[in-house]
Amino acid sequence: MRGSTISGLGRYVPKRIMTNAELEKFVDTTDEWIVSRTGIRERRIAEPDEASSDLAYEASKEALEDAGIRPDQIDLIIVGTATPDMLFPATACILQDRLGARRAGAFDVSAACSSWAYGAAVAHGYVASGQADTVLVVGAETLSKITNWKDRGTSVLFGDSAGAVVMTASEPGTGFLSFHLGSDGSGGSLIALPAGGSRLPASYETVERQQHYLTMNGREVFKFAVRCIPRAIEEAVKRAGLAIEDVDLFIPHQANIRIIDAAAERLGQPKEKFFVNVELYGNTSSASVPVALYEAVRAGRIKKGDVAVMVAFGGGLTWASCAIRWTMKTQTSRQ
Ligand code: UT7
C-alpha cells in the first residue's frame, strides 16, 4: 500500500473576537476564573449570516492553494462538524458546490470534536488503497450557534473556526504512520445537542425547554479526557512503531490547558512538546486540531522529517489519534 500525507493546509477564523471581559458583561463569570480553569482568553465568533460551510470554504481555498491543487482535481471531500449548516444536505456537499469540485464525492463525519481526525483516518484509507488521489478533509464549526449564552458552564469554552488539509499519496513510511479511533457510546449524554433530530424533533416545547443548545457535564468530560488522551497518544505511537521520545510535537484537541498539562504529566513528557493555542480560540471542536496543526507548521514547530502526534476527544464519546512524519518542505504559502 502507498502512504498518504498532508500536502496543503488552510485555516479560517471569523474576524469577531469575544474576550473574557466581554463575557463578564452578560454571564456570571470572571476573566480570572476562565483563564485559571481553562487557559482561554478569547474566542472567535461567526457573524449571524456566517455558517460552518462559509468557514470551511475559506479554509479549503487556502489549503488547495497551498497544495497547488485545483478544485476539479479533488476526488473526495470530507467535512467533520458538529454544527452542520443543516441536517442535510451535508455541509461537504455545500462546500463541494462552492468550490466547484465537480469530480468529488462529498460527505460529513459526525464524531463531535474528533470529527476531523475521524475524517483524516477515512481519507487515509481512500488514498493508501488507491481509491482516491486527492482528498480534502475539513473541520468546520460554528459552536456559537448552539451555545446557551446564559450557561456559564459552556458559554465561556467554545468558539468558531475551520481548518482544512489536502491529503495526497506519499511513499510508504512517510506521511501518516498510524491512526487509532475509539468510542464509548455509554457516555453519550455527557456532551449532547438533545433536540432537532428524530428522537426529539424541533417543537415549541423543545425550544421552551432550551433543548437546541449544547449541554455538557464538564467535570465528567474532564476526567474522561485526562484518561483518554495519554492512552490514545500511546496507541498511535505504538502503531507507528515508535517510542514516545521519538515524537517531536504533540498536537492535542484544544479544550482546556489543564487537560493538556495533565496529559503531558501522565506521559512524562515536557509541556513544551504540546502545541497550545487554546488561549486564542477556545474549544473549536472538530476545527481545533487542524487549526492547531496549521499554526504549529506556520510557527516552524514542525519541519520536514519531524514526527507529530495529533489527538482529539469529544462527544460520542469519541477519541482519535494519529502519527505523521511531516513531508512538506516549506511552511504554508500565505501568512
Ligand atoms: O471538546 C470536549 C468538550 N469539553 C471539554 O473538554 C470540557 C472538559 N471540562 C472542563 O474543561 C472543565 O470541567 C470546565 C472548564 C468545564 C469546568 O472546570 P472545573 O474546574 O471542572 O469546574 P467545576 O465544574 O468543578 O466548577 C467549579 C466551580 C463551581 O462552583 P462551586 O460549586 O464550587 O461553588 C461552578 O459553579 O466553578 C463554578 N463555575 C464557574 N465560575 C465562574 C463553573 N463555570 C464557571 C464560570 N465562571 N464560567
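None of the values given here were measured: they were computed from a predicted structure. Counting starts at 1 for both ligands and their atoms, in listed order.
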I'd like to check Arg209 versus Tyr204 (side-chain heavy atoms, cut-off strictly below 4.5 Å). Are they in contact? no
Using side-chain heavy atoms (C-beta onward) and a distance below 4.5 Å, is Glu295 in contact with Phe275? yes
Set of ring-ring contact (aromatic ring centres under 6.0 Å, His included) partners for Phe274, sequence neighbours left out: Phe250
Validation row: Glu47, Asp54 side chains within 4.5 angstrom (heavy atoms): no
Check: Ile251 and Val309 side chains under 4.5 Å, non-hydrogen atoms: no
Counting only N and O atoms by type, is there a donor-acceptor contact under 3.5 Å from the side chain of Thr147 to the main-chain atoms of Trp149? no
Within the 4.0 Å heavy-atom cut-off around ligand 1, the contacting residues, ordered by chain and number, are Asp28, Thr29, Trp33, Arg37, Thr38, Cys113, Arg152, Val156, Leu157, Ile191, Met216, Gly218, Arg219, Val221, Phe222, His253, Ala255, Asn256, Arg258, Ile259, Asn283, Phe313
